[in-house]
Participant: 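Okay, here's the structure, questions in a sec.
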Amino acid sequence: MSASHSRPKVAYFYDPEVGNFHYGQLHPMKPHRLSVTHSLVLNYGLHKKMQVFRPYIASGPDMARFHSEEYIEFLQRVSPHNIQSFSKSLTHYNVGAADCPVFDGLYEFCARYTGASLEAAEKLVTEQADIAINWSGGQAHARRDCASGFSYVNDVVLAILSMLHTHERVMFVSTDAWHPSGVEEAFYTTDRVLCVSLHRHTEGFFPGSGGVDDRGHGAGTNHSINMPVSEGLDDDQITSLFVPVVAAAAERFQPSCVVYCAGAGVLSGDRLGCLNVTLEGYGRCLQAVLDIGRPLLVLGGCGDRKSTRLN
């Protein structure tokens, strides 16, 4: 990243179509919030401080770099109009249930947010940006061959994999209220990716993974750092826990670049996260990640779209 005295080059990715998809009337995932977020960026004049890009749309082979080809083909074919003919596949791929419904444009939605994350990662790898932002990304729960937790295609894993072609070590950080289960699972046995997550971890809270003793396996031992917390976590608590852990982990791991899932599920008022962090406390977390001083990919995380505050 650029020296601290110079302004970093920031690339901001926004697809005007990505907010037009709809999971369903009662579903807490609202892609429309991405359009609302972009309106705030424009009205605050933040776009004047960044390079704004309309992102690439990912192809099937792009997504199959992590996911199975059969699963991606299924997402491409299934729709609300032919769902009855996919009854066996729906169960196999965990699609069609309440949390991961089949909706119009499902595959296109995945291709759009994934393409944005891949192109953002490319800007960092080619040193065209110091920080790259894709608020539509951060679908961290999807697994190689199935959907999970509102996530169908894991753009986080795909972005990290693309970075690993050039960078030796990638540090992944998440402050979403939900443990990034799909990302941790994908890199659980490698020492090239360090996964650091602060998340709520109480009985019955999705996804149930991310215990303090989950530290990686084989070559990946001690390359997963989980900070499970209970409901009600506040500014002082998140600062005293997250900031020193991230600093120490980065100092030890010496990453070449960083990926940050900046989900807003930890913020006070999110009725699903049930934590009590203000924007000031959240800003301290972001500053801790910036202070690592490496090229940084910022993704929206799942929490910012699970919040019910904008319903």
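Computed over heavy atoms, backbone and side chain alike; hydrogens, waters and symmetry mates excluded.
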Participant: Would Phe13 and Trp135 count as a ring pair (Phe, Tyr, Trp, His ring centres under 6.0 Å) if you check the C-alpha gap in whole Å, the side-chain angles of each, and the deciding distance to 0.1 Å?
Facilitator: CA-CA 8 Å; Phe13 291 84; Trp135 291 130; over 10 Å; no
Participant: Under a 4.0 Å N-O cut-off, is there an ion pair linking Asp213 with Arg215?
Facilitator: yes
Participant: Can you confirm whether the side chains of Ser197 and His199 place a donor and an acceptor under 3.5 Å from each other?
Facilitator: yes
Participant: Gln128 and Thr126: side-chain hydrogen bond (donor to acceptor under 3.5 Å, both in side chains), yes or no, with the steps?
Facilitator: CA-CA 6 Å; Gln128 297 179 63; Thr126 56; 2.8 Å; yes
Participant: Establish, from distance only, whether the side-chain atoms of Thr175 and Tyr260 form a donor-acceptor pair under 3.5 Å.
Facilitator: yes
Participant: With no hydrogens and no angle check, is any side-chain donor or acceptor of Arg294 less than 3.5 Å from a backbone partner on Pro255?
Facilitator: yes
Participant: May I ask you to check whether Phe86 and Phe74 place their ring centers less than 6.0 Å from one another?
Facilitator: yes
Participant: Hydrophobic cluster membership, with links at side-chain heavy-atom distances under 4.5 Å among I/L/V/M/F/W/Y: are Tyr44 and Leu42 in one?
Facilitator: no
Participant: Taking Phe66 as the starting point, is it possible to reach Leu118 by hopping between hydrophobic residues whose side chains are less than 4.5 Å apart?
Facilitator: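 Yes: a chain of side-chain contacts under 4.5 Å links Leu118 to Phe66.
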Participant: Is there a chain of hydrophobic side chains (I, L, V, M, F, W, Y, each step under 4.5 Å between heavy atoms) that links Met227 to Val277?
Facilitator: yes
Participant: Keeping the roles fixed (side chain from Ser59, backbone from Asp62), state whether a donor-acceptor pair exists under 3.5 Å.
Facilitator: yes
Participant: Please tell me whether Tyr188 and His217 form a close aromatic pair, meaning their ring centres lie under 6.0 Å apart.
Facilitator: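 They do not qualify: ring centres at least 6.0 Å apart.
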Participant: OG/Ser230 to CD/Glu203 distance, rounded to the nearest 0.5 angstrom?
Facilitator: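 Here the interatomic distance stands at 12.0 Å.
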Participant: So that I know where these two stand, are His141 and Phe206 an aromatic pair - ring centroids less than 6.0 Å apart?
Facilitator: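 Distance test on ring centres: under 6.0 Å, yes.
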Participant: Quick one: are the ring centres of His38 and Tyr12 less than 6.0 Å apart?
Facilitator: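 Ring centroids of His38 and Tyr12 are less than 6.0 Å from each other.
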Participant: Before you tell me yes or no, could you show the steps for Val153 and Phe109 under side-chain contact (heavy atoms from CB on, under 4.5 Å), namely the whole-Å CA-CA distance, both residues' side-chain angles and the distance that decides it to 0.1 Å?
Facilitator: CA-CA 10 Å; Val153 172; Phe109 176 62; over 6 Å; no
Participant: Does Cys146 offer a backbone N or O that forms a donor-acceptor pair with the side chain of Asn94 under 3.5 Å?
Facilitator: no
Participant: Counting heavy atoms not belonging to Leu26, are there more than 12 under 6.0 Å from its CG?
Facilitator: no
Participant: Is the backbone N or O of Gly218 less than 3.5 Å from a side-chain atom of Thr221, with the two atoms forming a donor-acceptor pair by type?
Facilitator: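 Checking the backbone N and O of Gly218 against the side chain of Thr221, a donor-acceptor pair under 3.5 Å is found.
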Participant: State whether the side chain of Asp176 and the backbone N or O of Ala262 hold a donor-acceptor pair below 3.5 Å, judged by distance alone.
Facilitator: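 A pair under 3.5 Å: no.
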Participant: Would the distance check show the side chain of Arg169 and the main-chain N or O of Gln254 forming a donor-acceptor pair, the cut-off being under 3.5 Å?
Facilitator: yes
Participant: Can you list the steps and then say if Val259 with Met163 is a side-chain contact (heavy atoms from CB on, under 4.5 Å)?
Facilitator: CA-CA 10 Å; Val259 177; Met163 290 176 163; 3.7 Å; yes
Participant: Aromatic contact between Phe150 and His27, with the criterion being ring centroids under 6.0 Å apart: yes or no?
Facilitator: yes
Participant: Other residues, nucleotides and ligands only: do more than 12 of their heavy atoms fall within 6.0 Å of CD on Glu127?
Facilitator: no
Participant: Decide side-chain hydrogen bond (donor to acceptor under 3.5 Å, both in side chains) for Asn226 and His179; before the verdict, give the C-alpha distance in whole Å, the side-chain angles of both, and the deciding distance to 0.1 Å.
Facilitator: CA-CA 8 Å; Asn226 287 300; His179 178 247; 3.1 Å; yes
Participant: I'd like to know if the side chain of Thr190 and the backbone of Arg192 have a donor-acceptor N/O pair within less than 3.5 Å.
Facilitator: yes
Participant: With no hydrogens and no angle check, do the side chains of Asp235 and Tyr282 hold a donor and an acceptor under 3.5 Å apart?
Facilitator: no
Participant: Just by distance, do the side chain of Ser240 and the backbone of Gln237 share a donor-acceptor pair under 3.5 Å?
Facilitator: yes
Participant: Measure from the side-chain N and O atoms of Asp214 to the backbone N and O of Gly211, and report whether any donor-acceptor pair falls under 3.5 Å.
Facilitator: yes
Participant: Using the side-chain contact (heavy atoms from CB on, under 4.5 Å) rule, take His67 and Asp145 through it: C-alpha gap first, then chi angles, then the decisive distance, then the call.
Facilitator: CA-CA 6 Å; His67 295 284; Asp145 57 359; over 6 Å; no
Participant: Apply side-chain hydrogen bond (donor to acceptor under 3.5 Å, both in side chains) to the pair Thr114 and Asp155, showing each step before the final yes or no.
Facilitator: CA-CA 5 Å; Thr114 299; Asp155 65 292; 5.4 Å; no
Participant: Assess the residue pair His22 and Phe103 against the criterion (side-chain contact (heavy atoms from CB on, under 4.5 Å)); give the C-alpha distance rounded to whole Å, side-chain angles, the decisive distance to 0.1 Å, and a yes or no.
Facilitator: CA-CA 7 Å; His22 196 251; Phe103 57 89; 6.0 Å; no
Participant: Within the structure provided, determine whether Val229 and Ile238 are in side-chain contact (heavy-atom separation under 4.5 Å).
Facilitator: no
Participant: Would you say Tyr71's side chain and Tyr152's backbone share a donor-acceptor pair under 3.5 angstrom?
Facilitator: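 Present.
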Participant: Is any NZ, NE, NH1 or NH2 atom of the basic residue among Asp15 and Arg112 found under 4.0 Å from an Asp or Glu carboxylate oxygen of the other?
Facilitator: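 Looking at Asp15 and Arg112, the cut-off is met.
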